[in-house]
There are 2 protein chains.
Amino acid sequence: MLTIGKLGQAAGVKVPTIRYYEQIGLLPEAERSAGNQRLYSRKALDRLTFVRHARELGFTLDAIRDLLSLSDNPDQPCAAADAIAKAQLAEIEKRLARLASLKVELNRMVAQCAGGRIADCRVIEVLSNHSLCATDHRHPQAGNDH
Amino acid sequence: MLTIGKLGQAAGVKVPTIRYYEQIGLLPEAERSAGNQRLYSRKALDRLTFVRHARELGFTLDAIRDLLSLSDNPDQPCAAADAIAKAQLAEIEKRLARLASLKVELNRMVAQCAGGRIADCRVIEVLSNHSLCATDHRHPQAGNDH
DNA sequence: CTTGAAGCTACAGTAGCTAGAGACATTAGA
DNA sequence: TCTAATGTCTCTAGCTACTGTAGCTTCAAG
Ligand SMILES: [Zn+2]
Ligand SMILES: [Zn+2]
Ligand SMILES: [Zn+2]
Ligand SMILES: [Zn+2]
């Protein structure tokens, strides 16, 4: 059995994050020692490692919740899990496309500025006026990365 | 003079968002009508349009605050504005790189799954075990996109 | 037995909004 | 002119996924 600190180290997750996951019901309530400290089994470590890896791949906690409960039913068909992964892939692709067009515009802005006064700054100018942009980078609904 | 609703329509910004911007001091306090409703000038519209465009390009509200105050001093050199834009570009590039590697992994996961039971699902398998990943997509600090 | 690290709970804060409640203002039509 | 519909007001709470704080208790090493 591991304490929360050891578990965190082993999984690469900070201690408060583990407690947070328990609080929101993503992880089951941990067993407690006589002195009320949380104790974790190896299985709990696997679960947390799964969570961490899915987070690193950008899945939301809600998606991870679903993935966890799917992975608890090994005999079920995996279509639901695949659908979640595909949705995540689509989301990532959407963000990639958006970021790519932002990059184009930012590059243009920065490259076109000659470095004079604010009054002549291309950065300020473009920010004031979208019609100076080359692409339609406009906000087709994004999510958050991290 | 425009009411807040007209202003929002003209700039493409929702009414509560305008009030929020005022509340956090990003926009100056608006004049008020006899009946205590906010009234905006054309200059206020320009300012809000600037904010919206900068948001669409992914700048944080803090960065926008700085850009706005820079743009109020047209005779100053524009180095500071350019630096903000360059930092934003760097940030976007960082996120792009990360998302690109996430995309690789998600694609692999999805492609490798044959669509059987959860027990054999490649999606679940990869999520359980990072060593099945092709790249090192690991979390080098990300931010959020819009 | 003492000390310091690690654990506990509970609450506040982050970014950038969004949504709702309940009251007042304005405007268009009958 | 009255009324109904829409718009606006303030205030509060909620969203994601944590992170940090305060003030305490427990545990392990020396
Ligand atoms: Zn410049
Ligand atoms: Zn633009
Ligand atoms: Zn599958
Ligand atoms: Zn991986």
Side-chain angles (χ1 to χ4, degrees), chain A residues 1-27 29-40 44 48 51-68 88 91 95 98 139 141-146, chain B residues 1-27 29-40 44 48 51-68 88 91 95 98 139 141-146:
Chain A
M1 298 298 263
L2 303 162
T3 62
I4 196 169
K6 300 291 178 192
L7 177 74
Q9 251 180 289
V13 175
K14 287 179 191 154
V15 167
T17 303
I18 299 171
R19 289 197 278 245
Y20 169 72
Y21 287 163
E22 179 182 312
Q23 188 197 310
I24 63 168
L26 186 65
L27 299 179
E29 292 196 15
E31 293 175 55
R32 299 295 181 120
S33 71
N36 197 37
Q37 302 196 348
R38 289 174 180 82
L39 290 178
Y40 296 91
L48 182 55
V51 171
R52 191 209 166 180
H53 196 209
R55 283 299 293 134
E56 287 170 344
L57 288 166
F59 287 89
T60 64
L61 294 182
D62 269 359
I64 294 171
R65 206 189 298 269
D66 292 347
L67 288 167
L68 278 172
Q88 172 65 8
E91 179 66 33
R95 283 188 224 163
R98 175 157 151 71
H139 203 188
Q141 201 108 327
N144 47 15
D145 168 70
H146 162 73
Chain B
M1 297 299 264
L2 303 162
T3 63
I4 197 169
K6 301 290 177 191
L7 178 74
Q9 251 181 290
V13 175
K14 286 177 192 156
V15 167
T17 304
I18 299 171
R19 289 198 275 248
Y20 169 71
Y21 286 164
E22 179 182 311
Q23 189 196 313
I24 64 168
L26 186 65
L27 299 179
E29 291 194 16
E31 293 175 57
R32 299 297 180 117
S33 72
N36 197 36
Q37 302 197 347
R38 290 175 180 81
L39 291 178
Y40 296 91
L48 182 55
V51 171
R52 191 209 166 181
H53 197 208
R55 284 299 294 133
E56 286 170 345
L57 287 165
F59 288 89
T60 65
L61 293 182
D62 269 0
I64 294 171
R65 207 189 298 269
D66 292 346
L67 288 167
L68 279 172
Q88 173 64 8
E91 180 65 35
R95 284 190 221 162
R98 176 157 152 71
H139 204 188
Q141 200 106 326
N144 44 12
D145 174 65
H146 149 72

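Proteins get letters first, then strands, A, B, ... in listed order; numbering begins at 1 in each.
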Inset, instruction - Nearest-nucleotide wise, let me know which of A:Gly35 and A:Thr17 is further upstream toward the 5' end of DNA chain D. - result: A:Thr17
Inset, instruction - May I ask you to decide if B:Leu57's main-chain N or O and B:Gln88's side chain share a donor-acceptor pair within less than 3.5 Å? - result: yes
Does [X] place a side-chain N or O at less than 4.0 Å from the phosphate oxygens OP1/OP2 of [N]?
X       : N      : answer
B:Lys14 : C:dT18 : yes
A:Arg19 : D:dC18 : no
B:Ser33 : C:dT26 : yes
B:Thr3  : D:dT8  : yes
B:Arg32 : D:dT10 : yes
A:Tyr21 : D:dC18 : yes
A:Arg38 : C:dA6  : no
B:Tyr20 : C:dA15 : no

To the nearest Å, give me how far apart [atom1] ([X]) and [atom2] ([N]) are.
X       : N      : atom1 : atom2 : result
B:Arg52 : C:dC17 : CZ    : P     : 11 Å
B:Ile18 : C:dG16 : CD1   : C1'   : 15 Å
A:Gln37 : D:dT25 : CD    : P     : 13 Å
B:Phe59 : C:dA15 : CZ    : P     : 18 Å
A:Leu61 : D:dC15 : CG    : P     : 13 Å
A:Leu7  : C:dG7  : CG    : P     : 10 Å
B:Glu22 : D:dT8  : CD    : P     : 14 Å
B:Ile24 : D:dC11 : CD1   : C1'   : 17 Å

What I'd like to find out is whether the side chain of [X] reaches to under 4.5 Å of the side chain of [Y], using heavy atoms alone.
X       : Y       : result
B:Tyr40 : B:Leu48 : no
A:Gln9  : A:Leu2  : no
B:Arg38 : B:Arg19 : yes

Legend entry - B:Thr60 or A:Val15, whichever maps to the more 5' nucleotide of DNA chain C: A:Val15
Inset, instruction - Take A:Tyr21 and A:Leu61 through the test side chain to side chain contact (heavy atoms under 4.5 Å, CB included) and record every step on the way to the result. - result: CA-CA 9 Å; A:Tyr21 287 163; A:Leu61 294 182; 3.8 Å; yes
